[in-house]
Structure formats: structure tokens, C-alpha cells
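Can you read through this structure? Questions will come right after.
One-based numbering, in listed order, for ligands and for the atoms of each.
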Amino acid sequence: VMPLQKIFRVIIMGAPGSGKGTVSARITKSFALKHISSGDILRANINSQTVIFPNTQLFREYYMVKLVPDDVISRLILKDLRALENSSWLLDGFPRTVAQAEALEDAYSADSVVNLDVPFQTIKQRLTSRWTHLPSGRVYNTDFNPPKVPGLDDVTGEPLVQRDDDSPTRRLKSYETQTEPVLEFYRCKGVLQTFSGTETNKIWPHVEAFLHVKL
Ligand code: G5P
Ligand code: MG
């Protein structure tokens, strides 16, 4: 892991299923950044039945269909970032709306925003070969990272499910209307770096080379 000379704050962006989690895991293997994933934080909160989502059904509804309200997610993420005051971090899944980007900007400025630009058609194909363990949010892909036993979660052995076909479409729509304006927000600040492609393995070397120079 490459140690950093100064504190560095990086955001990774991209549509649902574009590979943010996969690329983040590779980044934190190579660079000393702490990975903060909004999706992981939300899932951890739901699993521990904390006050933010006392109702599992409500969370599922958010998780599958719509975004969590800006004030709820901003409060959660900023609390975690404050605990990392003197560390470098990699933020994944947040901000997803301009209101969230502004809330973040009030506290911290991003040094760099890595944008994964993957065609929607590729993402739709990817999501149809995707299987999810609903209680934990663990995801598998029958081509890319299959479960050890087909149809079963590696950790609990419980059955995996596929989301209804409609849900990727709706999530991509929400990305287009609510999250794409965030890219513009960072483009104006001069920190946006876009990486285009259809395969994570081909995008990754470019991201790695960029961060080597940047960090
Ligand atoms: P999440 O958890 O942030 P999303 O919607 O951003 O979820 P996700 O699923 O986490 O999307 P990702 O991290 O961009 O996608 O991608 P990934 O998991 O690495 O890869 C997706 C799949 O493709 C995996 O199965 C992977 O193995 C496979 N894959 C990767 N690369 C390749 C490849 O090259 N080829 C192939 N064939 N496969 C590949 O958010 C979840 C929910 O939480 C709420 C929302 O409701 C959201 O829907 N939420 C927020 N709400 C409001 N504001 C926020 N800031 C929120 N953050 C989360
Ligand atoms: Mg993710």
C-alpha cells in the first residue's frame, strides 16, 4: 500500500452497477485511503436495526426503488467523515444529489472525483446476471464473481434473489435526473476525471495510473 504525503479526499462516482465498489476495493489495496460506502453504511444500519431505519420494509423500499432522503444520508456520512478528520478517504455512493454535494462541500472539499462512465446498456446486461443476498446486500454476478454454490450466499448459505427487471431501469433513471448534475458540480470545480469503458478490468489500469500521479 502506497503511503500518502498529505491528506487526500477522493470521491468515486458512477451509475448503479458501474463498478464503484469493485474499483474502490482495488484502490484501497494499492493506496492508503479509507473506503466509505454509503450503501454499506445503510446496510449496516439496517442490519443493526438502529433508529435511522427502525422499519426494514421501509429501507428495502428505499434501497430497491428510490434514494434515501438527503438529510438522513448526509447526517450519516458526515458523522463518519468527522471521525476520520486526519485521514485520507475514498467516498463511494455519496454525494448522489446536488444537495448532498453542497452539504459535503460545506465541511470538506474533494481533491479528486473519479467518474466511472459505463454505458447503460452494459449495466443493464450486468444487472441481469446479478444475484443479491437481500438481508446483507451482498451481490454476486454469475459471470464476474459467482457465488461458491450457485443460488446461495457464501456467508449464510441462504438463497439469493434477483431484483425485478424494472428496478435497474428506475435506478438508472434516478441516476440520470438526480446524480448526473453532481458531475457538473465537480466539473465546474475542476476536479472531475472521467474513465469510460465497458469492463472494470480495462478501466482499472487507467484509474490506478491517474491516482499514482495525483497522490
Ligand atoms: P449502493 O450500495 O451505493 P449502487 O446503486 O450505487 O448501490 P452498486 O450496486 O453498489 O450500485 P457499484 O458499486 O457501482 O454498484 O458496482 P459494483 O458493485 O462494483 O459492481 C456491480 C456488479 O457488477 C457486481 O456484481 C460486480 O461484481 C459486477 N461487475 C463489476 N465490474 C464488472 C465487469 O467488468 N464485468 C462484469 N460482467 N461484471 C462486473 O446504494 C444502494 C441503495 O442505497 C441508497 C439508495 O437507495 C441506493 O439505491 N443510497 C443512497 N440514497 C441516497 N443518497 C445516497 N448518497 C445513497 N447511497 C446509497
Ligand atoms: Mg457499491
Distance-only side-chain donor-acceptor flag, Asp153 / Thr156, under 3.5 Å
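There is such a pair between these side chains.
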Per-atom filter on ligand 1: closer than 4.0 angstrom to a heavy atom of Gly93 are 54 (C), 55 (N), 56 (C), 57 (N)
I want to know if ligand 1 touches Asp143 in the polar sense, i.e. an N/O pair below 3.5 angstrom.
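N/O-N/O distance below 3.5 Å does not exist for this pair.
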Determine whether the side chain, the backbone, both or neither of Ile73 has a heavy atom under 4.0 Å from any heavy atom of ligand 1.
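Looking at Ile73 and ligand 1, just side chain atoms fall under 4.0 Å.
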Part of Ala15 within contact of ligand 1 (heavy atoms, under 4.0 Å)
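Only the backbone of Ala15 comes within reach of ligand 1.
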So which of Arg138, Arg130, Arg96, Glu199 gets nearest to atom 21 (C) of ligand 1, if we judge by its closest heavy atom?
Arg130
Hey, does the side chain of Asp111 reach the backbone of Arg9 with a donor-acceptor pair shorter than 3.5 angstrom?
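Checking the backbone N and O of Arg9 against the side chain of Asp111, a donor-acceptor pair under 3.5 Å is found.
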Run the side chain to side chain donor-acceptor pair (under 3.5 Å) test against Thr194 and tell me which residues pass, sequence neighbours left out.
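Side chain to side chain donor-acceptor pair (under 3.5 Å) check on Thr194 returns Asn115.
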Would you confirm whether Arg126, through its side chain, and Gly17, through its main-chain N or O, come within 3.5 Å as a donor-acceptor pair?
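Yes, because the side chain of Arg126 sits within donor-acceptor range (under 3.5 Å) of the backbone of Gly17.
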Tell me the nearest of Lys20, Arg26, Gln100 to atom 53 (N) of ligand 1, using heavy-atom distances.
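Considering heavy atoms of Lys20, Arg26, Gln100, the nearest to atom 53 (N) of ligand 1 sits in Gln100.
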Can you tell me if Ser74 uses its side chain to pair, donor with acceptor, with the backbone of Asp71 under 3.5 Å?
no
Please indicate whether any nitrogen or oxygen in Gly21 is less than 3.5 Å from any nitrogen or oxygen in ligand 1.
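Indeed, backbone or side chain, Gly21 has an N or O that close.
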Pairing residues for Ser109 by the side chain to side chain donor-acceptor pair (under 3.5 Å) criterion, not counting sequence neighbours
Glu105
Could you tell me whether the side chain of Ile203 reaches within less than 4.5 Å of the side chain of Glu199, counting heavy atoms only?
no
Just to be sure I'm reading this right: ignoring hydrogens, which of Leu116, Val68, Val139 gets closest to atom 18 (O) of ligand 1? Compare them by their nearest heavy atoms.
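Considering heavy atoms of Leu116, Val68, Val139, the nearest to atom 18 (O) of ligand 1 sits in Val139.
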Step-by-step ring-ring contact (aromatic ring centres under 6.0 Å, His included) determination, His133 to Tyr140:
CA-CA 8 Å; His133 178 241; Tyr140 301 89; 8.2 Å; no
With atoms numbered from 1 as shown, which atoms in ligand 1 lie under 4.0 angstrom from a non-hydrogen atom of Asn145?
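Listed by number with element: 25 (O), 27 (O).
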Are Ile36 and Leu81 close enough that some pair of their side-chain heavy atoms sits under 4.5 Å apart?
yes
Which ligand 1 atoms does Gly19 reach within 4.0 Å, using its non-hydrogen atoms?
12 (P), 14 (O), 16 (O), 17 (P), 19 (O), 20 (O)
Would you check the N or O atoms of Ser38, main chain and side chain alike, for any that come under 3.5 Å of an N or O of ligand 1?
yes
Which is closest to atom 11 (O) of ligand 1 by heavy-atom distance: Gly197, Gly17, Ser129?
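The option holding the nearest heavy atom is Gly17.
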Counting only heavy atoms, which portion of Leu42 has something under 4.0 Å from ligand 1: side chain, backbone, both, or neither?
side chain
